[in-house]
Protein chains: 2
Amino acid sequence: MSARQVADAEGELAAGPIKEKTRRPVLRGAHARDRVLTAALEVLADRGLAGFSMEAVAHRAGASKPTLYRRWRSPGELLVDAMDASFRPIPLPATGDLRSGLVELLSTFERLLDQQHFPGLLAAFMDAAERDPRLKSLHADLTEHRREPLRLLLARARDRGEIPAEADIELAVDLLGGPLFYRRFVAHRGYREGYVSGVVDHVLRSLGHTSPSPSPSPTIDGGGWTPGKERSPAGRLDQRWPTAREG
Amino acid sequence: MSARQVADAEGELAAGPIKEKTRRPVLRGAHARDRVLTAALEVLADRGLAGFSMEAVAHRAGASKPTLYRRWRSPGELLVDAMDASFRPIPLPATGDLRSGLVELLSTFERLLDQQHFPGLLAAFMDAAERDPRLKSLHADLTEHRREPLRLLLARARDRGEIPAEADIELAVDLLGGPLFYRRFVAHRGYREGYVSGVVDHVLRSLGHTSPSPSPSPTIDGGGWTPGKERSPAGRLDQRWPTAREG
DNA sequence: ACTCATCGATACGGTATCGTAGCACCGATA
DNA sequence: TATCGGTGCTACGATACCGTATCGATGAGT
């Protein structure tokens, strides 16, 4: 029992407004959960797996350690939930020809890679995926969802006959998305003006695309990485993920 | 002072061949430095940035903490030196045609990505590069060196007229290397048979390559998704991964 | 207005790493 | 052979995080 707590109680009895550090409203239940997951992703983006600790997350979330431990039995469980909650769908371009659709999608992604938190978060995910098979498959799932729009656009174009029926769509997706990742996380170079459209044009040409006609495309919302809705709750994790200390 | 040390001393005085394990020969100077840098890269590959500690490196190197601190003032300095020493050049293919040269280079790289330590190390590098500008530029330099062979092959082909003079070689390098990285670290899928040649063929076609030899597209699609094959944990690496001082 | 599950704050022992110090030992050099 | 400097070993206080227990406070539903 601390002296300050006693003082607070007396303050209430004295009917005077407590002017010392006011307690901000404490949201509970699902709200607290979201707050913690968001904080977890922020910590992960800022400091990577190395700085990902229950204490750091609790501090950033304005929560207490026991609150975290009540919901997640280990840092590993929290990490899994946070990763799982990090996905936010990229809106499918509304339309038009294949080329402008692809350019729009990749441009959206290019902007994502320029945001503050996303690259740090993705780098942490890639690193984490290399250390733990569970995180690897989780990351694979997230990526699978992110690939969906590209795959869909290509499949539609193939059905329309703009792309040969034998075209390897999976490979095409790799060719489209790979360079952006590579350039950002490995080569560490910026994207020149028109880089995205350069990639798209090359890939379409390699696919034998019979182009209707190129058209300038507007850009849409950058998505974001903040945890959205809860998806599949990903299996419970009984053990901690491999960390520096013991295990 | 330990009893064992005393026992060692007595063993010498007894003039008998020291048959107990005792001490292995202690290499000094540059040897000790290399040993530590190699250990540092191993630790980094195994446990990532989160598990990269002076104690862990010292233990794996069979060195003592003070020895590490005598040479590097902090874990950060050691990390920088280790990254810097990690580069090992990929041999330039004995020149055949452009296509086979590219396939050979990418195949070599594909094999690298299948080795035990390399992916973990690269993931750690990517993560580290996002946290520290110094490591980022270091990583950028390393990558720059790795891109060189691809760039050289493409430039020669361009000079020979096999590729249009306006071809964007930097973009071509991204298109060639990106998918391998993306597939390994983001999509977490295995490489199908003929994946590399598929990438090369598509990129060459996109560049408008006038091929001297036929380049039939091999297996088409299949979409087979081979999640990272489990490799035996006992499997030692007889082929050395990028190690110190070989730069 | 009342109750209760939930939350924040604090404290605690335990462990891992940090960065430094002192000492014994041995490889290299003269 | 004798020195000299690099090296391994142990120990130390300090710090950070772990995972848990306890208690007071409070939001939300009745």
Side-chain angles (χ1 to χ4, degrees), chain A residues 1-13 18 20-36 39 43 47 49-79 237-247, chain B residues 1-13 18 21-36 39 43 47 49-79:
Chain A
M1 173 182 301
S2 74
R4 193 175 62 79
Q5 287 174 332
V6 173
D8 284 353
E10 289 176 354
E12 287 181 1
L13 289 177
I18 304 174
E20 68 179 359
K21 58 181 63 176
T22 61
R23 209 180 279 270
R24 68 188 167 293
V26 174
L27 301 180
R28 301 182 171 219
H31 296 281
R33 182 175 183 274
D34 289 348
R35 217 179 44 194
V36 171
V43 169
R47 309 211 256 154
L49 205 52
F52 186 80
S53 70
M54 291 299 238
E55 302 215 347
V57 173
H59 182 264
R60 179 167 313 217
S64 65
K65 263 199 306 176
T67 295
L68 267 65
Y69 277 100
R70 279 175 201 124
R71 224 177 270 273
W72 298 276
R73 287 185 296 178
S74 69
E77 270 194 20
L78 174 54
L79 179 57
L237 198 62
D238 287 352
Q239 61 190 31
R240 302 155 58 193
W241 84 91
T243 77
R245 20 179 90 66
E246 187 256 342
Chain B
M1 67 184 70
S2 74
R4 194 172 61 80
Q5 286 175 334
V6 174
D8 286 353
E10 288 176 354
E12 286 180 1
L13 289 178
I18 306 174
K21 48 189 296 189
T22 60
R23 250 172 235 281
R24 63 193 170 297
V26 174
L27 301 179
R28 302 183 168 217
H31 296 281
R33 182 174 183 275
D34 290 348
R35 220 177 52 207
V36 171
V43 168
R47 311 215 255 160
L49 207 52
F52 186 79
S53 71
M54 291 300 236
E55 303 214 346
V57 173
H59 181 264
R60 183 170 308 222
S64 66
K65 254 197 317 176
T67 295
L68 267 64
Y69 277 101
R70 278 176 202 123
R71 229 175 262 273
W72 298 276
R73 287 183 299 177
S74 68
E77 274 193 15
L78 174 55
L79 179 57

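Just so it is clear, the values below take in all heavy atoms, side chains as well, and ignore hydrogens, waters and symmetry mates.
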Calculate the interatomic distance between [X] atom [atom1] and [N] atom [atom2]; express it in whole Å.
X	N	atom1	atom2	value
B/Trp72	D/dT7	CH2	P	9 Å
A/His59	D/dA16	NE2	P	12 Å
B/Tyr69	D/dC9	OH	C1'	16 Å
B/Arg33	D/dT7	CZ	P	12 Å
B/Leu68	C/dT17	CG	C1'	13 Å

With respect to the side chain of [X], which nucleotide from [options] is positioned closest?
X	options	result
A/Met54	D/dC18, D/dT7, C/dC7	D/dC18
B/Arg35	D/dC23, D/dT7, D/dG8	D/dG8
B/Lys65	C/dC18, D/dC9, C/dA11	C/dC18

query: Which part of the nucleic acid, if any, lies within reach of B/Arg70 when heavy atoms closer than 4.0 Å are counted: base, sugar-phosphate only, or nothing?
result: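 Base contact.
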
field: Sugar-phosphate, base or nothing in reach of A/Pro66, heavy atoms under 4.0 Å
entry: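 Result for A/Pro66 = base.
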
message: In the structure I gave you, are the side-chain heavy atoms of A/Val36 and A/Arg71 within less than 4.5 Å of one another anywhere?
response: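 Contact flag for A/Val36/A/Arg71 side chains = no.
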
query: In terms of the nearest nucleotide of DNA chain C, which residue is placed more toward the 5' end: A/Glu55 or A/Thr67?
result: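 Between the two, 5'-proximity favours A/Thr67.
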
- prompt: Does OP1 or OP2 of D/dG6 have a side-chain N or O of B/Arg71 closer than 4.0 Å?
  reply: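 No, outside the criterion.
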
message: Rounded to the nearest 0.5 Å, what separates atom OG in B/Ser64 from atom CZ in B/Arg70?
response: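 One gets 5.5 Å once the value is rounded to the nearest 0.5 Å.
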
- prompt: In Å and rounded to the nearest 0.5 Å, what is the CG to CZ distance from A/Leu68 to A/Arg33?
  reply: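 The CZ atom of A/Arg33 is 11.5 Å from CG of A/Leu68, to the nearest 0.5 Å.
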
message: Are there over 12 heavy-atom neighbours, none belonging to A/Arg47, within less than 6.0 Å of that residue's CZ?
response: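 Count not over threshold, so no.
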
